[in-house]
Engineer: 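Once you've had a glance at the structure underneath, I'll fire off some questions.
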Amino acid sequence: MLVRLMYASRAASGIDQEELAAILRQSRAANPTHGITGVLCYSEGIFLQVLEGGRGAVNRLYNRIVADPRHLGAELMLYEDISERRFASWAMGQVALARLNPSLLLKYSATATLDPFAVSGSVSMALFEELVATASVACQG
Ligand SMILES: Cc1cc2nc3c(=O)[nH]c(=O)nc-3n(C[C@H](O)[C@H](O)[C@H](O)COP(=O)(O)O)c2cc1C
C-alpha cells in the first residue's frame, strides 16, 4: 500500500544553508531504512516536501516532521494512494533552486515566487513533476 503526501511549512528563524544541509543529510540517512523516497524544496523561508512510501511509514514520518521545531505551520497539501512512485530515485532529492526557472513558476502561479500556500496541492505537484522532468532535482540520496 503506497501513498504520496505533500505538505508545506514555514522555516523557523535561523534556518540557513547549513541547517538545510543537516536536514537533508538526516533524511537521506534515515529514509532508505523506512522505504521512503521524495523531494524537498526550500525557498525564501518556505519548505515544500513530497514523501512517498508505505502508508504506515509515511504517516509516522510526517508526524515526526510536523513536531520538528525547525519549521512551523505545516499544512497538508495532498495525500493520495498511489500505484507507483514518481520520485523513486531519491532518498530525499533537493530542488536545485539556482535552476528554478521563473517562467516555470509563472506557468503555475500568479507570481514568479514559490508560494505553495497560495496554490492548490495539485498545482504544486505539477510543478514538482516538471522539475523532475527537467532534471532540476539534485543530490541523489
Ligand atoms: C523540512 C523538514 C523535512 C524533513 N524531512 C525528513 C525526512 O524526509 N526524513 C527524516 O527521517 N527526517 C526528516 N526530517 C527530520 C525529522 O523532523 C526528525 O528530526 C527526524 O525524523 C528524527 O526524528 P526523531 O528525533 O524523533 O527520531 C525533516 C525535518 C524538517 C524540518
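Keep in mind that what you see is a predicted model, and the values were worked out from it rather than measured. We count ligands from 1, going down the list as the structure has it; atoms in each ligand are counted the same way.
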Engineer: Report yes if some N/O of Gln26 lies less than 3.5 Å from some N/O of ligand 1; otherwise report no.
Structural biologist: yes

Engineer: Would you confirm whether any non-hydrogen atom of the protein falls under 4.0 Å from atom 25 (O) of ligand 1?
Structural biologist: no

Engineer: Using a heavy-atom cut-off of under 4.0 Å, does the side chain or the backbone of Asp68 touch ligand 1, or both, or neither?
Structural biologist: side chain

Engineer: Enter the distance from Ile46:CD1 to Ser9:OG here, rounded to the nearest 0.5 Å.
Structural biologist: 8.5 Å

Engineer: Do Leu78 and Leu2 belong together in a cluster built from hydrophobic side chains that touch within less than 4.5 Å?
Structural biologist: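 No; Leu2 is not reachable from Leu78 via cluster members.
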
Engineer: Atoms of ligand 1 less than 4.0 Å from Leu61 heavy atoms?
Structural biologist: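 Within the 4.0 Å cut-off of Leu61, ligand 1 contributes 7 (C), 8 (O), 9 (N), 10 (C), 11 (O), 12 (N).
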
Engineer: Roughly how far apart are Met6 CE and Met77 CE, rounded to 0.5 Å?
Structural biologist: 7.0 Å

Engineer: Drop me the distance from Trp90's CH2 to Arg85's CZ, to the nearest 0.5 angstrom.
Structural biologist: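 Reported to 0.5 Å precision, the distance equals 13.0 Å.
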
Engineer: Near Met92, which atoms of ligand 1 are under 4.0 Å from a heavy atom of that residue?
Structural biologist: 8 (O)

Engineer: Below 4.0 angstrom from a heavy atom of Ala30, which ligand 1 atoms are there? Numbered from 1 as shown, please.
Structural biologist: 11 (O)

Engineer: Atom 14 (N) of ligand 1: which protein heavy atom is closest, and how many Å away?
Structural biologist: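 So the nearest neighbour among protein heavy atoms is Ile65 CG1, 3.9 Å.
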
Engineer: Between Arg86 and Glu129, is a salt bridge (Lys or Arg N to Asp or Glu O under 4.0 Å) present by the stated rule, with each step listed?
Structural biologist: CA-CA 8 Å; Arg86 289 200 185 125; Glu129 279 174 5; 2.2 Å; yes

Engineer: Which part of Gln49 is near ligand 1, with near meaning a heavy atom under 4.0 Å away: side chain, backbone, both or neither?
Structural biologist: side chain

Engineer: Check Ile36 against ligand 1 and report side chain, backbone, both or neither, counting heavy atoms closer than 4.0 Å.
Structural biologist: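 Looking at Ile36 and ligand 1, no heavy atom falls under 4.0 Å.
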
Engineer: In ligand 1, which numbered atoms sit nearer than 4.0 Å to a non-hydrogen atom of Ile23?
Structural biologist: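 Result: 2 (C), 3 (C), 4 (C), 28 (C), 29 (C), 30 (C), 31 (C).
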
Engineer: May I ask you to identify, for Arg64, whether its side chain, its backbone, both or neither come under 4.0 Å of ligand 1 on a heavy-atom basis?
Structural biologist: both

Engineer: Kindly say whether Phe117 contributes a backbone atom to a donor-acceptor pair with the side chain of Glu75 at under 3.5 angstrom?
Structural biologist: no

Engineer: How long is the straight-line distance from CG of Leu48 back to CG of Leu40, given to the nearest 0.5 Å?
Structural biologist: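 Answer for the CG-CG pair, Leu40 versus Leu48, is 8.5 Å.
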
Engineer: Just distance, no hydrogens or angles: give the donor-acceptor pairs under 3.5 Å from side chains in residues 53-67, sequence neighbours left out.
Structural biologist:
residue	atom	partner	partner atom	Å
Asn59	ND2	Arg55	O	2.9
Asn59	ND2	Tyr79	OH	3.3
Asn63	ND2	Asn59	O	3.2

Engineer: Of all residues at least two apart in sequence or in a different chain, which pass the side-chain hydrogen bond (donor to acceptor under 3.5 Å, both in side chains) check with Arg70?
Structural biologist: Gln26, Asp68

Engineer: Checking a contact table here: which protein heavy atom is nearest atom 8 (O) of ligand 1, and how many Å away?
Structural biologist: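 Protein heavy atom at minimum distance: Asn31 ND2, 3.0 Å.
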
Engineer: Taking non-hydrogen atoms only, is Ser27 closer than 4.0 angstrom to ligand 1 via side chain, backbone, both or neither?
Structural biologist: both

Engineer: Would Tyr7 count as a contact of ligand 1 if the rule is a heavy atom under 4.0 Å away?
Structural biologist: yes

